[in-house]
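Working notes, beginning with the structure itself.
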Amino acid sequence: MSDQRSGTAWDAVRAAIDAEDPAAVAALVAGFGEGERREVARELPGHLSEARRRGEARDAERRAELQREWDARVAAYRRKTGDRHSTTDYYWDLWVHHRTYVGSRWIEPMRVAGAGTLGGAAAVVSWLHRRDFQRWTDRDDVPLILQAVAARPTAWQADLAVRLAMRLRGPSRDARGDAGRSARLTLELLRRTGAEPPAHDPLTLAWLTTWSPPQHPATDPPTDPVTDPPTDPAADRTDDPAPDPAADPLFDTLLPRLFDAEGVGRQLREDHERPAWLAGLAREGRVPRESLLDGCLSRFLRGGTAADLRFFVRLHDALDPAPEEVAARGRDYLRLLPAAPPNVADLALKRLRRLGPLDPDEAAEAVEGLVFRAEGKLVRAGLVWLDRLAGDHPGDLDGYAAALGAALVGESGEARARAARLAVKHAARFTPAGAERIREALPLMPAGEGVALAEVFGGEAVPAEPEPEARPFAPPPLPSAPEPARMTPPVLGPAGLPTSRLSEHRWLVAERWLDVFVRLAATDRAALTETLAPVAGLFPAEMYRSAPWRHLKIWAAAMAKELTEPGAEAKATAGHPDRTPPTTRERLPEIAGTGRRMPLRRFAEVYEALVTGTLPPYLLATPTHVNGRLDAAELVDRLEGYELAGAEALPVDLEQALLRLPRTVPADVVERAAGLTGTAGRAAARWMTDRPAGPRVTLRRQESGDGVFVADLRGEEAFEAHLSVLPSDRELVAAHAVHPALADATHRRPAAARLALLAAADGPGGPAMALLVAHCLCAEPEETLRPLLWLAASGGLPGAEVGAELATLFRRDEANEREYRLYSVAEVLGVLEEAARHGAHREVWQIMAGLLTGYLPGPGERATVTHTRLTTFAADVATWADARGELPRIAELAARSRESGLVRQARRLHTRLAQ
């Protein structure tokens with residue numbers, strides 16, 4: 001080929017590299033002879049720094065060009081819409097990524113050139129894994145590298161494949177990343193060359209990722225009028241689906257390694273498709289059934305966590321071995337019973353119980369292994385099996401005496417009771433030696449439990465202890481929430497008007513600004529005008545003809561403009577008789593959320609009063625405390641000042657003032673308010689004596705997902721701003737806080753700090769407060785204790801509803817197939833016990849009543865030790881709270897004939913409630 005080229009082989013390759021054309025490089029080196037490859041291999045390493053320098057310079061040029069194109073699109077969009085705040089750095093990054101891959105285009109041609117020309121396979125592996133070639137784009141050069149090495153000898157390619165395999169370090173979640181590309185290159189070379197895949201666990205894990213096509217996002221990236229670029233046809237993609245795994249040349253070699261390679265179980269934990277597919281191949285004869293079944297058992301015997309063995313359990317269940325297959329591997333199944341993870345031991349037990357009579361010694365060993373386990377479910381299952389085996393066994397039962405003795409001294413009260421019943425049932429079938437094993441357990445049993453056994457087998461049991469006298473419960477007084485700090489007096493001057501800091505997210509700044517503006521407008525308008533003159537200059541005349549005005553700064557600038565140029569709006573709109581300017585109401589945006597809308601309404605009202613000359617001397621609604629509360633006595637003082645000055649209250653200002661009043665007003669203040677004669681004064685007096693009921697909050701749950709939504713209260717806004725508007729309606733504030741916090745309950749949990757602010761507020765609690773308290777108890781139990789006590793002291797804790805929400809959260813958490821639990825019942829129980837001992841025993845009882853009703857197991861559901869702990873504590877706190885009134889779920893449990901720890905505690909609680 002060299003005869004047909006102008007210049008040397010290196011000149012041609014270097015030109016293709018400098019042109020950033022990896023396809024041209026691959027085509028060149030694929031046709032080179034040995035001499036041309038050596039020539040390029042000699043020059044290539046020395047060109048690395050030059051290639052990087054040129055590539056980075058081109059990257060900078062491309063990015064600058066994109067920036068110019070971006071700026072032009074943004075400017076055009078802004079001219080069209082008038083929206084000056086529509087873009088962010090995020091959109092720029094999205095634009096660049098979606099438009100083209102601007103970076104590191106020099107890397108692919110260099111990698112392809114080295115793969116196709118370097119002499120030894122080891123040198124190629126080192127070249128491809130150079131740190132210089134790490135990339136952050138999804139350009140795929142695997143097909144080009146395969147093209148470049150295709151002409152090399154098959155033995156050389158096989159050596160390269162094996163060396164690449166040994167460089168793998170683990171599975172890659174991203175098939176388009178460097179690790180994913182390296183794995184795909186390795187596997188394809190192994191397939192093409194037929195080389196024996198080395199016994200390397202990361203290779204097996206990498207092969208697993210090729211069983212399905214690479215995952216792509218379900219939807220395209222979000223678009224925007226500014227950021228809607230055309231698709232780049234030059235961007236390489238790897239969207240071709242993977243072939244049928246069973247047709248893979250590597251399948252027969254690598255499939256058996258699934259049972260040996262470390263990390264397979266972890267990688268396939270959530271895989272529900274492969275087990276059924278593999279079982280289907282076994283039925284078709286494509287895969288030896290025995291190899292899959294033996295592989296599962298060998299993996300179980302090697303051990304591991306329950307989560308890491310899930311895949312193999314699913315595969316074993318999909319294979320559904322016949323009784324004869326289980327019998328042939330009986331010793332292996334028996335070995336799993338004592339120490340395998342619960343899901344594996346349960347699997348083995350189910351299979352063994354389907355067999356006919358077992359060898360007595362083996363059966364006794366298996367049962368003994370089960371009863372020594374910590375899982376009550378497996379211990380109970382072992383005892384049930386023992387009863388059946390005893391019925392099948394014609395001789396004495398001494399072989400099972402050790403298992404019964406172990407169960408009699410185990411941790412589970414239910415298992416001890418069942419073992420005692422079995423021992424009594426089969427007492428006649430024990431020889432003196434077997435009976436002695438039972439008698440040895442009696443002194444080790446809890447007090448009173450072995451008395452009935454001693455009557456049958458003899459021996460000495462620990463007698464039942466008399467019920468201890470209940471210690472008197474003397475709760476301390478509940479602590480009240482700290483009083484919110486009082487507002488400092490306003491600064492009547494330029495320092496009190498920080499217009500640059502005005503924001504919908506700084507409610508206190510907005511309150512102070514409005515307060516100072518109105519006061520200075522009445523006492524020193526000249527100084528106010530001078531202070532706000534720079535702000536007035538920022539308000540364009542065309543704004544008077546636009547709507548809505550969404551931000552407080554716009555209203556503040558309009559006020560400043562009116563001060564410096566009285567009648568500015570009328571003058572600006574007079575030249576447009578064909579177009580009526582928007583009214584103040586029309587300028588208010590439609591915003592969901594009282595916390596954002598109320599400040600805008602108040603600023604709009606003050607602006608309109610300034611234009612019409614009806615500004616009062618000061619505002620009524622300025623809070624007295626930093627949480628937004630307004631003391632009733634202070635409001636009466638202000639209203640008395642209005643009546644003396646002959647001032648009229650602004651309607652929205654009065655509305656906000658009334659919403660900020662506490663729910664309990666001292667009698668002397670109510671009496672003073674009754675003496676007011678003005679319209680605003682009479683409204684305040686009525687409010688203090690007969691406060692209107694607020695809107696009722698209801699919750700609407702979605703059938704799927706963890707989200708819990710509050711009906712008609714979906715505006716996401718600053719929590720403190722909302723609280724400042726409604727400091728005496730904490731249920732409404734909680735309703736607004738719940739929706740954004742719980743829309744993604746796993747990652748955006750509500751903070752207990754918000755609960756503390758609500759505890760220092762006023763008003764009854766309802767379903768939204770209950771939901772917030774329940775989630776805080778689960779997410780931040782220790783931090784929730786103090787706010788919980790404050791809410792109990794204020795009467796704002798809806799205990800039964802909190803308990804019902806806790807039950808819902810715990811049940812949902814247990815139903816999700818995770819390796820971990822989001823919520824700890826033990827931690828929540830610890831906080832509730834602490835709260836009860838600090839004086840909230842009555843409220844905690846209400847919580848426990850709601851929790852038990854929704855969480856305790858119903859008919860057909862399995863009881864756990866957690867249920868027993870909850871019921872035990874509930875019985876204690878019911879005594880402390882002197883609770884009465886039956887709970888249906890507790891009554892049902894108490895009536896059960898089957899003895900268990902949960903049933904005993906339910907009976908104790910039922911007796912207390914039924915007194």
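Between the CE atom in Met487 and the CG atom in Leu630 there is a gap of 10.0 Å [rounded to 0.5 Å]. Taking NE2 of His505 as the start and CD of Glu720 as the end, the distance is 12.0 Å to the nearest 0.5 Å. Atom NE2 of His841 sits about 11.5 Å away from atom OG1 of Thr879, to the nearest 0.5 Å. Rounding to the nearest 0.5 Å places CZ of Arg314 at 9.0 Å from CG of Leu268. Rounding to the nearest 0.5 angstrom, the gap separating the CD atom in Glu782 from the CD atom in Glu827 is 7.0 Å. Atom CG of Leu771 is separated from atom CG of Leu809 by 7.0 Å, given to the nearest 0.5 angstrom.
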Scan the side chains in residues 652-665 for donor-acceptor partners under 3.5 Å anywhere in the protein, sequence neighbours excluded, and list what turns up.
| residue | atom | partner | partner atom | Å |
| --- | --- | --- | --- | --- |
| Asp653 | OD1 | Arg602 | NH2 | 3.1 |
| Asp653 | OD1 | Ala621 | N | 3.1 |
| Asp653 | OD2 | Leu620 | N | 2.7 |
| Glu655 | OE1 | Arg601 | NH2 | 3.0 |
| Glu655 | OE2 | Arg601 | NH1 | 3.4 |
| Gln656 | NE2 | Val725 | O | 3.1 |
| Arg660 | NE | Gly628 | O | 3.3 |
| Arg660 | NE | Ser724 | O | 2.8 |
| Arg660 | NH1 | Glu511 | OE2 | 2.9 |
| Arg660 | NH1 | Ala621 | O | 2.7 |
| Arg660 | NH2 | Glu511 | OE2 | 2.7 |
| Arg660 | NH2 | Ser724 | O | 3.3 |
| Arg663 | NE | Ser728 | O | 2.7 |
| Arg663 | NH2 | Ser728 | O | 3.2 |
| Arg663 | NH2 | Asp729 | OD1 | 2.8 |

Tell me which donor-acceptor pairs under 3.5 Å the side chains of residues 849-860 have, and how far apart each pair is, sequence neighbours excluded?
| residue | atom | partner | partner atom | Å |
| --- | --- | --- | --- | --- |
| Thr853 | OG1 | Ala849 | O | 2.8 |
| Tyr855 | OH | Glu814 | OE2 | 2.3 |

Under 3.5 Å, which donor-acceptor pairs do the side chains of residues 783-790 form with other protein atoms, sequence neighbours left out?
| residue | atom | partner | partner atom | Å |
| --- | --- | --- | --- | --- |
| Thr784 | OG1 | Cys776 | O | 3.0 |
| Thr784 | OG1 | Glu780 | O | 2.7 |

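Two residues are said to be in side-chain contact when any heavy atoms from C-beta on lie closer than 4.5 Å; Met848 and Leu909 fail this criterion. Inter-residue side-chain proximity for Asp762 and Arg629 is flagged as unmet; no heavy-atom pair is nearer than 4.5 Å. The shortest distance between side-chain heavy atoms of Phe603 and Trp513 falls below 4.5 Å. In this structure the side chain of Glu605 never reaches within 4.5 angstrom of the side chain of Trp555, judged on heavy atoms. Two residues are said to be in side-chain contact when any heavy atoms from C-beta on lie closer than 4.5 Å; Pro498 and Val509 meet this criterion. For the pair Glu833/Arg837, a side-chain contact is recorded, criterion being any heavy-atom separation below 4.5 Å from C-beta on. Considering only heavy atoms from C-beta on, Arg310 comes within 4.5 Å of Glu270 through its side chain. Under the 4.5 Å side-chain criterion, counting only non-hydrogen atoms from C-beta, Arg373 is in contact with Pro342.
Here Ala895 pairs with nothing under the side chain to side chain contact (heavy atoms under 4.5 Å, CB included) rule; sequence neighbours left out. With sequence neighbours left out, Asp346 forms a side chain to side chain contact (heavy atoms under 4.5 Å, CB included) with Lys350, Lys377, Leu378. For Arg686, there are no salt bridge (Lys or Arg N to Asp or Glu O under 4.0 Å) partners at least two apart in sequence or on another chain. Pro695 meets the side chain to side chain contact (heavy atoms under 4.5 Å, CB included) test with Leu732; sequence neighbours excluded. The side chain to side chain contact (heavy atoms under 4.5 Å, CB included) check on Pro341 picks up Ala306, Leu309, Asn343, Val344, with sequence neighbours excluded. Applying the salt bridge (Lys or Arg N to Asp or Glu O under 4.0 Å) rule to Arg506 yields no partners; only residues at least two apart in sequence or on another chain are considered.
Shortest non-hydrogen contact noted between Pro589 and Leu600 is CG-CD1, 3.8 Å. Between Pro798 and Gly766, the closest heavy-atom pair is CG-O, 3.5 Å. Nearest heavy-atom pair, Val697 versus Ala735, reported as atom, atom and distance to 0.1 Å: CG1-CB, 3.8 Å. Of all heavy-atom pairs between Val733 and Phe719, the closest is CG1-CE1, 3.7 Å.
Legend: salt bridge (Lys or Arg N to Asp or Glu O under 4.0 Å) pairs involving residues 901-915, not counting sequence neighbours, sorted by first then second residue: Asp876-Arg908, Asp882-Arg912, Glu899-Arg904, Glu899-Arg907. Identified under the ring pair (Phe, Tyr, Trp, His ring centres under 6.0 Å) test for residues 752-773, with sequence neighbours left out: none. Applying the salt bridge (Lys or Arg N to Asp or Glu O under 4.0 Å) rule to pairs touching residues 851-874 yields Arg811-Glu861, sequence neighbours excluded.
Side-chain N or O atoms of His838 include one that pairs as donor or acceptor with a backbone N or O of Glu834 at under 3.5 Å. A distance-only check finds no donor-acceptor pair linking the side chain of Glu805 to the backbone of His775 [under 3.5 Å].
At a threshold of 4.0 Å, the pair Asp631-Arg486 counts as salt-bridged, since one of the basic side-chain nitrogens sits closer than that to a carboxylate oxygen.
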TODO: Could you please spell out the steps behind the side-chain contact (heavy atoms from CB on, under 4.5 Å) verdict for Leu806 and Tyr823?
DONE: CA-CA 10 Å; Leu806 285 173; Tyr823 311 130; over 6 Å; no
- [ ] Show your working on side-chain contact (heavy atoms from CB on, under 4.5 Å) between Val877 and Trp880 and close with a plain yes or no.
- [x] CA-CA 5 Å; Val877 79; Trp880 301 343; 3.9 Å; yes
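Arg512 and Thr488 share a donor-acceptor pair across their side chains, judged by distance under 3.5 Å alone.
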